[in-house]
Amino acid sequence: MAESWSFLDTFESNFRPLVVIELAKGTKKETIEWFTKRVVDKKANGGAQLLVKPLATENGDENIYLVGASHLRLLLGAETVGLVKECSDNSMRAFTYSSRKTFKDFADDNQNFLTMAECQYIIKHELENLRAKDEKMIPGYPQAKLYPGKSIVRRLLTSGVLVQIFPLHDREELKKLRHSWYGRVKVGYQPLDEIRCYFGETIALYFGFLEYFTFALIPMAVIGIPYYVFAWEDYDKYVMFATFNLLWSTAILEVWKRICAIMTYHWGTLLMKRQFEEPRPGFHGVLGVNPVTGREEPVYSSIKRQLRIYLVSLPFVCLCLYFSLYVMMIYFDLEQWAMDYHEENGSTFSSLMLFVPSIIYAVVIEIMNRIYRYAAEFLTSWENHRLESSYQNHLILKVLVFNFLNCFASLFYIAFVLFDMKLLRQSLATLLITSQILNQFAESLLPYWLQKRQKMRMKKRVHTLKKDTDLSLAEQVNLEKEMGTYFGTFDDYLELFLQFGYVSLFSCVYPLAAVFAVLNNITEIYSDALKMCRVYKRPFAEPTANIGVWQLAFETMSVISVVTNCILIGMSPQVNALFPDSKMDLILTVALVEHLLLAIKFIMAFVIPDKPRDIQIKLARLEFESLEALKQQQMQLAAESLKE
């Protein structure tokens with residue numbers, strides 16, 4: 001591939017803008033010239049060998065640049081990032097420029113061989129890998145220090161010179177996607193392949209999981225409706241419902257692994273090799289040498305990081321958990337006041353007042369979750385993790401622990417301390433429904449309304465530009481750069497995680513939980529699709545092979561649900577009647593059943609393969625072929641050395 005870079009020209013007459021770079025207003029001219037030169041410069045000279053074109057504005061400021069690449073450059077970039085494409089024999093292989101003719105639908109004049117999302121991902125990768133050579137600082141900004149090997153884009157971002165980098169929407173493709181995705185109400189599957197081609201694998205995998213989880217909830221909802229209608233006060237019959245719940249929560253997660261493997265294999269990400277992870281932009285420390293790469297980069301003591309985690313972050317999280325429990329006790333005081341008020345008055349108004357404390361508490365929970373999220377992000381950033389994966393894992397752990405206690409502590413207290421099944425049912429219903437309404441409003445409706453207002457203001461400000469400027473493109477860029485930034489699927493998975501908790505932990509006392517979850521998820525699919533297409537800037541595609549740490553989070557929740565449902569079954573009058581004389585026998589029996597169910601759960605997880613048999617064979621065949629190719633290469637080198 002090294003030979004291919006030499007004949008690659010940086011000029012292309014049909015310039016196709018893919019990515020937008022916005023610099024800070026008033027950026028010094030020497031900085032702009034240096035940066036753009038590095039972007040278009042040859043790979044041999046340390047450049048990215050991309051195409052750059054300034055976007056003309058009304059006032060003549062040149063702080064917005066469009067970035068593209070020639071078709072050949074993108075093909076070579078696809079090999080660099082390790083994209084996996086389908087071959088003519090229907091197998092999936094890592095793309096190489098030398099063997100390009102063996103790939104399905106490849107032709108030298110086929111500009112659509114790589115999806116637009118893949119092209120933008122390649123450009124992002126090349127920009128992020130622009131590294132300083134012998135520069136000591138960013139030209140024009142002596143305070144922005146550089147050193148050999150430092151990512152130029154990351155330094156520009158942290159110094160405030162670079163405002164943002166984002167991929168452009170393809171308006172025609174987006175219009176087609178909107179029509180097939182949410183343009184009309186229909187009963188059917190989402191166009192996941194089209195979503196993947198436009199937004200990338202991470203977004204498509206989230207919508208695939210959301211769709212799968214919604215369909216998986218339908219059996220629970222169908223079984224729950226007759227339980228709600230015919231056995232509202234008969235808790236004895238909920239034993240069977242709880243038992244089904246245990247098997248259901250285990251099976252759906254194991255089946256999802258197989259479905260996920262099938263999707264990501266056909267998308268190629270199951271075969272992609274993990275890229276070496278660079279330090280995250282916010283990481284700082286004393287300049288040192290990385291023992292793995294040999295490059296100079298900031299070094300930070302792991303002891304200092306551990307001290308920050310255990311002496312500051314951990315006590316803060318514990319304090320927040322204590323405050324959450326304190327708010328919970330205030331909620332129970334309000335519940336007691338509402339019940340006393342209803343007993344005194346016995347009116348319709350007083351009966352409605354019984355739901356007010358739960359509604360207020362649900363709103364407070366959502367507010368506390370969002371405030372804590374900002375605090376958790378600040379603390380995790382302050383801990384100064386070197387890698388983005390480490391940062392995300394610590395952030396997810398902090399957020400999940402607090403959200404779990406904040407959302408479910410009151411339900412555990414009602415179930416296992418107060419033993420009030422009627423109040424548990426009422427609280428569960430109120431918390432679930434209220435949180436769903438608030439999330440729909442905060443995540444989709446409010447941002448959509450704000451974005452529409454912003455769009456109207458922007459359209460009024462866009463006037464006639466120079467004759468040689470594409471007005472529609474300039475307007476599109478100016479509209480998109482003002483749109484909100486989509487920060488990933490974290491909040492979306494968190495919402496599904498909490499919903500899974502409401503359904504699996506206590507749904508045996510409120511069977512309609514699954515029904516409301518299905519209804520919410522149907523609207524969630526449409527609102528999230530609207531959010532991705534109309535509210536936020538287009539995110540960069542991120543190849544991924546699974547849902548990551550969220551799979552472990554859901555599996556942990558399913559283990560906890562086994563324990564809670566076993567205890568609820570043990571508390572039912574039907575089971576208590578079997579042990580009239582000895583409560584200890586009841587406790588031991590429940591513990592035995594719980595351990596047996598956990599054993600069955602882990603056996604199911606072990607027995608059910610994570611990947612279907614045909615995909616296992618294909619992966620093994622590819623591994624065998626790569627080993628054979630490596631062996632042949634070594635034999636050729638050995639033969640050449642013998643000749644010499």
Side-chain angles (χ1 to χ4, degrees), residues 1-19 38-52 67-131 167 196-197 200-201 265-276 540-543 545 618-619 621-634 636-637 640:
M1 191 181 84
E3 297 177 356
S4 303
W5 296 113
S6 59
F7 65 81
L8 178 59
D9 196 0
T10 57
F11 174 77
E12 184 165 283
S13 56
N14 298 322
F15 177 77
R16 182 193 182 194
L18 294 169
V19 173
R38 291 300 304 272
V39 173
V40 302
D41 213 353
K42 300 276 187 183
K43 291 284 287 186
N45 300 329
Q49 210 157 338
L50 301 174
L51 306 174
V52 178
V67 182
S70 65
H71 182 53
L72 175 58
R73 175 68 184 87
L74 292 171
L75 292 176
L76 295 171
E79 180 176 350
T80 302
V81 299
L83 287 185
V84 176
K85 305 292 286 185
E86 186 176 3
C87 293
S88 301
D89 60 357
N90 297 323
S91 64
M92 304 295 295
R93 299 177 189 278
F95 178 81
T96 57
Y97 184 75
S98 59
S99 61
R100 60 192 182 279
K101 300 291 185 181
T102 63
F103 287 88
K104 191 175 182 180
D105 298 328
F106 179 85
D108 290 326
D109 58 348
N110 181 12
Q111 302 289 328
N112 297 320
F113 174 71
L114 298 175
T115 66
M116 188 175 182
E118 289 172 337
C119 295
Q120 290 167 337
Y121 170 70
I122 292 167
I123 289 179
K124 173 175 175 278
H125 176 270
E126 295 297 340
L127 289 174
E128 287 183 342
N129 280 275
L130 269 178
R131 302 195 175 277
R196 174 252 171 182
C197 288
E201 289 78 14
Y265 174 80
H266 290 295
W267 293 343
T269 52
L270 189 63
L271 303 172
M272 283 187 71
K273 295 180 180 178
R274 189 169 64 90
Q275 297 283 328
F276 182 79
F540 279 105
E542 288 293 339
K618 291 175 181 177
L619 293 175
R621 185 183 298 130
L622 283 174
E623 184 178 0
F624 170 76
E625 290 175 356
S626 63
L627 290 174
E628 286 295 306
L630 181 62
K631 188 186 298 183
Q632 290 292 332
Q633 186 179 9
Q634 290 174 341
Q636 288 178 0
L637 290 173
E640 290 175 1

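The figures that follow rest on heavy atoms only: side chains count, while hydrogens, waters and symmetry mates do not. Counting begins at 1 with the first residue of the sequence.
- Summarising the geometry of Asp41 relative to Asn45, their closest heavy-atom pair is OD1-ND2, 3.4 Å, with the distance given to 0.1 Å.
- Cation-pi contact between Arg621 and Phe624: absent, since separation from the ring centre below 6.0 Å together with deviation from the ring axis within 45° is not met.
- Every residue two or more places apart in sequence or in another chain was checked for a side-chain hydrogen bond (donor to acceptor under 3.5 Å, both in side chains) with Lys618, and none qualifies.
- Residue Met92 comes nearest to Trp267 through the heavy atom pair CE-C, 4.3 Å, listed as atom of the first residue, atom of the second, then distance.
- A donor-acceptor pair is defined here as one N or O able to donate and one able to accept, closer than 3.5 Å; such a pair exists between the side chain of Gln49 and the backbone of Lys43.
- Residues Leu74 and Phe113 fail the side-chain proximity criterion, which asks for heavy atoms closer than 4.5 Å.
- One N or O on the side chain of Arg73 and one on the backbone of Ala48 form a donor-acceptor pair closer than 3.5 Å.
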Pair Glu623-Leu619, side chain to side chain contact (heavy atoms under 4.5 Å, CB included): steps then yes or no
CA-CA 6 Å; Glu623 184 178 0; Leu619 293 175; over 6 Å; no
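- At distances below 3.5 Å, at least one donor-acceptor pair connects side-chain atoms of Asp89 with backbone N or O atoms of Ser91.
- What you find for Ala545 and Thr269 is that their closest heavy atoms are CB-O, 3.7 Å.
- Take Glu118 and apply the side-chain contact (heavy atoms from CB on, under 4.5 Å) test, not counting sequence neighbours, and it matches Leu83, Lys85, Leu114, Thr115, Arg196.
- The main-chain N or O of Leu18 is found under 3.5 Å from a side-chain atom of Gln120 such that the two form a donor-acceptor pair.
- Contact detail for Phe15 and Val52: the closest heavy-atom pair is CE1-N, 4.4 Å.
- Residue Asn129 holds its CG atom at 10.0 Å from NZ of Lys124, rounded to the nearest 0.5 Å.
- A donor-acceptor contact shorter than 3.5 Å links the side chain of Arg38 to the backbone of Gly46.
- The shortest side-chain heavy-atom distance between Glu86 and Asn90 falls under the 4.5 Å cut-off.
- Between Ala541 and Gly200, the shortest heavy-atom distance links the atoms CB-CA, 3.6 Å.
- Rounding to the nearest 0.5 Å gives a distance of 5.0 Å between CE of Met116 and CZ of Arg16.
- Leu50 and Gly68 make their closest contact through CB-O, 3.6 Å (heavy atoms, listed as atom of the first residue, atom of the second, distance).
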Report, one line per pair, each donor and acceptor closer than 3.5 Å where one atom sits in a side chain of residues 101-108; sequence neighbours left out.
from   : atom 1 : to     : atom 2 : distance (Å)
Lys101 : NZ     : Asp108 : OD2    : 3.1
Thr102 : OG1    : Ser99  : O      : 2.6

Side chain to side chain contact (heavy atoms under 4.5 Å, CB included) evaluation trace for Leu270 with Val84:
CA-CA 9 Å; Leu270 189 63; Val84 176; over 6 Å; no
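- Taken to the nearest 0.5 Å, the OG1 atom of Thr80 stands 10.5 Å off from the CZ atom of Phe95.
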